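One structure is given here, and the rest of the page talks about it.
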Protein chains: 2
Amino acid sequence: MKRDGKLLIALHILAHLAVAPVRPLTSAALAVCLCTNPVVIRRALAGLREAGIVTSAKGHGGGWTVARPPATISLREVYVALGERIDLAPVRGSAGSGCLIEATVARALDGFSAEAEALLLRRLDTISLADLAAGFHQRLIEQTGSSHVMSAPAE
Amino acid sequence: MKRDGKLLIALHILAHLAVAPVRPLTSAALAVCLCTNPVVIRRALAGLREAGIVTSAKGHGGGWTVARPPATISLREVYVALGERIDLAPVRGSAGSGCLIEATVARALDGFSAEAEALLLRRLDTISLADLAAGFHQRLIEQTGSSHVMSAPAE
DNA sequence: CTTTCATGTAACTATCATTGTTACATGAAA
DNA sequence: TTTCATGTAACAATGATAGTTACATGAAAG
C-alpha cells in the first residue's frame, strides 16, 4: 500500500529529520527514503522553510534540519503551513452559476467542512513532531483514553 | 465562484428534484440547471440510483425522481452513497514502501481522518433533503444554537 | 408497429493538477 | 578553484475529472 498526500510526505520527511543525527540530511538522501526525487523533497519542504519549521543550508555538509526542537512543532503547524484544506465544495472558476440552490448547498457544505477541519486541527495540535518520531502511542492513549483513534469522540 | 465536487453536484441535483413538480426531470433539463452535460448528470446519479435514493424512467415522460420523501433522505446517506472520503493519507499503489516511519505517520493520519469524517457524518445526518430544499437555516439553528456553522463546536 | 423520447454505457478527447525529470544558477565549504 | 547541495525554472509523464459523441435499450405516444 503505497501512500500519498502532501501531509503524509511532509511528516514522513520531518520524522526522518527529527530522528536524524546532528548532520543535516540532503534532499538526495531523503529522496531515497521516500522513493522519489530530490526536487520533490525540496518542493515539499519549501513551504515549511518559509513557515520556520525547517532550515536549509547549501554546500558541503548542507541539507535540511528542523529549525526548532521537535517537541515544539505540532502537526497542526505543519498542516497549516502546507495550506491543506478540507473542502467539500471547492471553488473551481470565477464564473458563478448564479443558482441560488447551489449557493445554499455550498454554504452548508462549507460550514460542515470548517467544523470537520476544526476538529482535525484540535487533534493535530495535540501531537508534536517528537511524539511522531517516538511512535506517539502513549500520547494518543493519554488524549483519547483509547489506543484506537478510530473511535468516535464524545462530541 | 463556480464550484465543484461530487457531493455539491449531487446535492444540487437532488435539491432540484426535491422542489420539482410531480413530473420527473430529464437529464437534459438538469444539465441546463447545472451548466453541464446530460451524461455528467447520469453519471452523478448512477450511484444514487443503486443506493435507492433516486429512480429513473425511460421513454416519454421519463427522467429522474427522488425515490422517497425528501424528509427521509439525509445528506449523510448521499455522502456515503457517493463513496466520498476524508483521507489525509490516501493509498496510491500496491507497491508498499516498507518504511516503518511512513506506516506510523499514515496510521495516525488515518485515525484523524476517521475522526473528522465521523463528525462530518453526524452533522450530515441532521440535515435532510427537505431541509436543504427549504433553506434549512432553522434546522441548523436548532442543532447548533447558532446561525453560523463556522463556529467550532464544544467537542 | 413505428416513431419519438429518454436513459445506459462505452469510447474518446480535453483539461487540470501532481509528479518526475532535466538543466542551470547560486552559494558555501573543502 | 573545485565540489557539493540548495533554488528554481522549464518541460514531459501521469492520473483524475469533465466533457463530448455515438449508439444500444426500453417505454410511451401515435
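Order of the sequence lines sets the chain letters (A, B, ...), proteins ahead of strands, with each chain counted from 1. These numbers come from a predicted model, not from an experiment.
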- Among residues two or more places apart or on two chains, list those pairs meeting side chain to side chain donor-acceptor pair (under 3.5 Å) that have a residue in residues 53-62 of chain A.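 Listed once each, the pairs are Thr55(A)-Thr65(A).
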
**OP:** Please determine if a side-chain N or O atom of Ser27(A) lies less than 4.0 Å away from the OP1 or OP2 oxygen of dT6(D).
**Re:** yes

Hey, does the side chain of Ser56(A) come within less than 4.0 Å of dG7(D)'s phosphate (OP1/OP2), counting only N and O?
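Looking at the OP1 and OP2 atoms of dG7(D), one of them is under 4.0 Å from a side-chain N or O of Ser56(A).
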
Could you state the atom-to-atom distance from [atom1] of [X] to [atom2] of [N] in whole Å?
| X | N | atom1 | atom2 | answer |
| --- | --- | --- | --- | --- |
| Arg49(B) | dG8(C) | CZ | C1' | 7 Å |
| Ile41(B) | dG19(D) | CD1 | C1' | 12 Å |
| Leu17(A) | dT6(D) | CG | P | 11 Å |
| Asp87(B) | dA16(D) | CG | C1' | 16 Å |
| Leu45(B) | dT9(C) | CG | P | 13 Å |
| Leu34(A) | dG20(C) | CG | C1' | 14 Å |
| Leu82(B) | dT17(D) | CG | C1' | 15 Å |
| Arg23(B) | dT7(C) | CZ | C1' | 15 Å |

- prompt: Can you find a heavy atom in the side chain of Trp64(A) that is under 4.5 Å from one in the side chain of Ile13(A)?
  reply: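 The answer is no, as the side chains (C-beta and beyond) never meet within the 4.5 Å cut-off.
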
Problem - Close side-chain approach of Ile53(A) and Leu129(A), heavy atoms under 4.5 Å - result: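 No, their side chains stay 4.5 Å or more apart.
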
Show every donor-acceptor pair shorter than 3.5 Å between a side-chain atom in residues 67-86 of chain B and any protein atom, with sequence neighbours excluded, or say none if there are none.
| from | atom 1 | to | atom 2 | distance (Å) |
| --- | --- | --- | --- | --- |
| Arg68(B) | NH1 | Thr72(B) | O | 3.3 |
| Arg68(B) | NH2 | Glu77(B) | OE1 | 3.4 |
| Arg68(B) | NH2 | Glu77(B) | OE2 | 2.5 |
| Thr72(B) | OG1 | Pro69(B) | O | 2.7 |
| Ser74(B) | OG | Arg76(B) | N | 3.4 |
| Ser74(B) | OG | Glu77(B) | N | 3.1 |
| Tyr79(B) | OH | Glu117(B) | OE2 | 2.7 |
| Arg85(B) | NE | Glu117(B) | OE1 | 3.0 |
| Arg85(B) | NE | Glu117(B) | OE2 | 3.4 |

Taking a pair as Watson-Crick (N1 to N3 plus N6-O4 or O6-N4) or G-U wobble (N1-O2 and O6-N3), both under 3.5 Å, which stems of 3 or more consecutive pairs involve DNA chain C?
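As far as DNA chain C goes, consecutive pairing (with distances under 3.5 Å) yields the stems C:1-30 with D:1-30.
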
*Identify the two heavy atoms, one from Ala89(B) and one from Asp110(B), that lie closest to each other, and give their separation to 0.1 Å.*
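Minimum heavy-atom contact is O-OD1, 4.1 Å.
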
Going 5' to 3' through nucleotides 20-30 of chain D and flagging B where a protein heavy-atom sits under 4.0 Å of the base, S where only the sugar-phosphate is that close, and - otherwise, we get BB---BBBB--

Check: When we call it a touch if two heavy atoms are under 4.0 Å apart, what does Ala57(B) touch: a base, just sugar-phosphate, or nothing?
Finding: sugar-phosphate

Just distance, no hydrogens or angles: give the donor-acceptor pairs under 3.5 Å from side chains in residues 35-49 of chain B, sequence neighbours left out.
| from | atom 1 | to | atom 2 | distance (Å) |
| --- | --- | --- | --- | --- |
| Asn37(B) | OD1 | Val39(B) | N | 3.1 |
| Arg42(B) | NE | Ser27(B) | OG | 3.4 |

field: No-hydrogen, no-angle side-chain donor-acceptor test under 3.5 Å, Ser128(B) and Asp131(B)
entry: yes

So the salt bridge (charged side-chain N to carboxylate O under 4.0 Å, His left out) pairs with at least one residue in residues 27-36 of chain B (sequence neighbours excluded) are none

side-chain contact (heavy atoms from CB on, under 4.5 Å) with Leu14(B): of Ile9(B), Val19(B), Leu132(B), Val54(B), only one passes, and it is Val54(B)

